[in-house]
Amino acid sequence: MPKAEKEFILNYAMNRWQLNFKKNVGPTSDSIRTCNPSSLEEWRKYYYQNVRSEEHINNLGHALYGHIASELPTEDRFHPNLIQSITEQDCIDYMHMVVINRVFTGFMKERGLL
């Protein structure tokens with residue numbers, strides 16, 4: 001089995017089950033350009049009010065955890081202890097980080113501000 005970290009598994013599963021696709025998280029690139037935030041907090045507030053709710057992203061995190069906990073162990077792709085170390089809260093936090101923090105960081109880099 002290849003060595004992997006929690007984030008690798010979270011990212012793998014999120015992509016595999018398309019939880020970060022536009023149909024689930026909304027048009028993040030277009031939305032952040034419309035918002036044109038000057039701070040992470042401004043983007044967070046705009047996203048949760050205009051794109052998807054915090055509850056919706058929490059539910060995506062619950063779904064991510066469900067896939068990781070129920071489907072990945074049967075595939076023998078990752079070490080069982082690593083899969084078991086991933087909590088539902090890890091999955092929820094990861095989904096929020098991807099749609100808020102990573103989108104904002106990408107936007108700031110695009111603007112030449114990072």
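The NZ atom of K45 sits 10.0 Å away from atom OG of S39, with the distance rounded to the nearest 0.5 Å. Here OG of S38 is found 8.0 Å from CE of M108. Values are rounded to the nearest 0.5 Å. Note: I83 CD1 to D76 CG = 8.5 Å, rounded to the nearest 0.5 Å. Expressed to the nearest 0.5 Å, how far CD1 of I9 lies from OG of S85 amounts to 7.0 Å. Within the model, atoms OG of S53 and CG of N59 stand 7.5 Å from one another, a figure rounded to the nearest 0.5 Å.
The side-chain heavy atoms of F107 and P37, taken from C-beta on, include a pair separated by under 4.5 Å. Counting heavy atoms from C-beta on, the side chains of E42 and F104 never come closer than 4.5 Å. Residues M95 and L10 are not in side-chain contact: their nearest non-hydrogen atoms beyond the backbone lie 4.5 Å or more apart. Using a 4.5 Å heavy-atom cutoff, the side chains of R33 and D30 are in contact. The shortest distance between side-chain heavy atoms of E54 and I100 does not fall below 4.5 Å.
With sequence neighbours excluded, the residues that form a ring-ring contact (aromatic ring centres under 6.0 Å, His included) with Y12 are F78. Under the side-chain contact (heavy atoms from CB on, under 4.5 Å) criterion, R52 pairs with Y47, H56, I57, sequence neighbours left out. In this structure, the side-chain contact (heavy atoms from CB on, under 4.5 Å) partners of N101, at least two apart in sequence or on a different chain, are L40, R44, M97. Under the side-chain contact (heavy atoms from CB on, under 4.5 Å) criterion, T87 pairs with Q89, D90, not counting sequence neighbours. V103 pairs by the side-chain contact (heavy atoms from CB on, under 4.5 Å) definition with T28, I32, W43, not counting sequence neighbours.
With 3.5 Å as the limit, one finds a donor-acceptor pair spanning the side chains of N15 and N11.
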Under 3.5 Å, sequence neighbours excluded: what are the donor-acceptor pairs made by side chains of residues 60-72?
residue : atom : partner : partner atom : Å
H62     : ND1  : E88     : OE2          : 2.4
H67     : ND1  : E71     : OE2          : 2.8
S70     : OG   : G66     : O            : 2.6

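Cluster annotation: Y48 and V98 are assigned to the same hydrophobic cluster (Ile/Leu/Val/Met/Phe/Trp/Tyr, side-chain heavy-atom contacts under 4.5 Å, transitive). Grouping the Ile, Leu, Val, Met, Phe, Trp and Tyr side chains by contacts below 4.5 angstrom, directly or via other members, places I86 with Y94.
Residue-environment remark: CD (E75) exceeds the threshold of 12 foreign heavy atoms within 6.0 Å.
The main-chain N or O of R102 is never found under 3.5 Å from a side-chain atom of T105 such that the two would form a donor-acceptor pair.
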